[in-house]
Amino acid sequence: QVQPVESGGSLVQTGGSLRLSCEAFGGRRYTVAWFRQTPGREREFVAAVKLSGGFKYYGDSVKGRFTLSWDNAKNTVFLQMDSLNVEDTAVYYCAASQTIITSSIRTSSAYSSWGQGTQVTVAS
């Protein structure tokens with residue numbers, strides 16, 4: 001069981017960019033995902049990658065602005081976030097699991113391991 005570790009959260013201006021990192025996986029069997037949460041709201045799916053086939057999935061609110069990539073040698077998944085707006089402000093969590101069916105990719109309860117989260121704040 002891996003323990004994801006996130007980094008890269010910060011304060012940024014509207015229209016700016018950030019890259020989050022998640023050191024999460026111990027092999028290509030993993031699915032690694034990003035979720036985000038603001039106070040009083042449910043955790044929202046942001047993006048995920050099935051490392052075994054390189055299949056990537058994005059939430060509707062970030063599609064076209066956020067991009068996943070990964071470095072197998074470093075066991076790290078990156079989330080490049082561009083064109084940020086105030087609605088992107090949240091705590092971003094990295095999650096990982098070895099066995100996730102495609103229909104559950106966007107479901108937070110499907111993931112077995114979670115990081116502590118990293119704060120992203122977008123100022124207007």
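Of the N and O atoms on the side chains of Ser61 and Arg36, at least one donor lies less than 3.5 Å from an acceptor on the other residue. One side chain, Thr121 or Gln119, offers a donor N or O that lies under 3.5 Å from an acceptor on the other.
Annotation: Lys74, atom NZ; neighbour count of heavy atoms from other residues, nucleotides and ligands within 6.0 Å does not exceed 12. Within 6.0 Å of the CG atom in Asp60, the count of heavy atoms belonging to other residues, nucleotides or ligands does not exceed 12.
At least one side-chain heavy atom of Ser17 sits less than 4.5 Å from a side-chain heavy atom of Gln80. At least one side-chain heavy atom of Arg65 sits under 4.5 Å from a side-chain heavy atom of Asp88. Taking the side chain as every heavy atom from C-beta outward, Thr107 and Ser109 approach each other to under 4.5 Å. With a 4.5 Å cut-off on side-chain heavy atoms, Leu84 and Asp82 do not count as touching. Side-chain contact check for Tyr111 versus Val32: every heavy-atom pair is 4.5 Å or farther apart. When side chains are defined from C-beta on, Arg19 does not count as touching Leu79, because their heavy atoms never get closer than 4.5 Å.
Glu6 contributes a side-chain N or O that, together with a main-chain N or O of Cys94, makes up a donor-acceptor pair within less than 3.5 Å. In this structure a side-chain-to-backbone donor-acceptor pair under 3.5 Å is present from Thr89 to Val122. Thr31 contributes no side-chain N or O that, together with a main-chain N or O of Lys50, makes up a donor-acceptor pair within less than 3.5 Å.
Annotation: the span from Glu23 atom CD to Asp71 atom CG amounts to 10.0 Å, rounded to 0.5 Å. For the atom pair CZ of Arg43 and OG1 of Thr38, the computed distance is 11.0 Å after rounding to the nearest 0.5 Å. A distance of 12.5 Å separates OG1 of Thr67 from NZ of Lys63, quoted to the nearest 0.5 Å.
Aromatic ring orientation, Tyr92 versus Phe66: tilted (interplanar angle from 30° to 60°).
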Worksheet item: Step by step, would you call Val49 with Trp70 a side chain to side chain contact (heavy atoms under 4.5 Å, CB included)?
Response: CA-CA 9 Å; Val49 55; Trp70 56 96; 3.5 Å; yes

Worksheet entry | Worked verdict on Phe35 versus Phe45 for ring-ring contact (aromatic ring centres under 6.0 Å, His included) | CA-CA 5 Å; Phe35 289 80; Phe45 172 77; 5.6 Å; yes

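Hydrophobic cluster membership is shared by Val77 and Tyr58, with clusters built from Ile, Leu, Val, Met, Phe, Trp and Tyr side chains linked at under 4.5 angstrom. In the hydrophobic clustering of this structure, Leu68 does not group with Ile105; members are Ile, Leu, Val, Met, Phe, Trp, Tyr whose side-chain heavy atoms approach within less than 4.5 Å, directly or through other members. Hydrophobic clustering of Ile, Leu, Val, Met, Phe, Trp and Tyr side chains at less than 4.5 Å, counting indirect connections, unites Trp114 with Tyr57. In the hydrophobic clustering of this structure, Leu51 groups with Trp34; members are Ile, Leu, Val, Met, Phe, Trp, Tyr whose side-chain heavy atoms approach within less than 4.5 Å, directly or through other members. Criterion: ILVMFWY side-chain heavy atoms under 4.5 Å apart, direct or through other members. Under it, Leu18 and Tyr93 are not part of a common hydrophobic cluster.
Scanning all heavy atoms of the two residues, the minimum distance from Thr118 to Gly9 falls at OG1-N, 3.0 Å. The minimum heavy-atom distance linking Ser97 with Ala110 is given by the pair OG-O, 3.8 Å.
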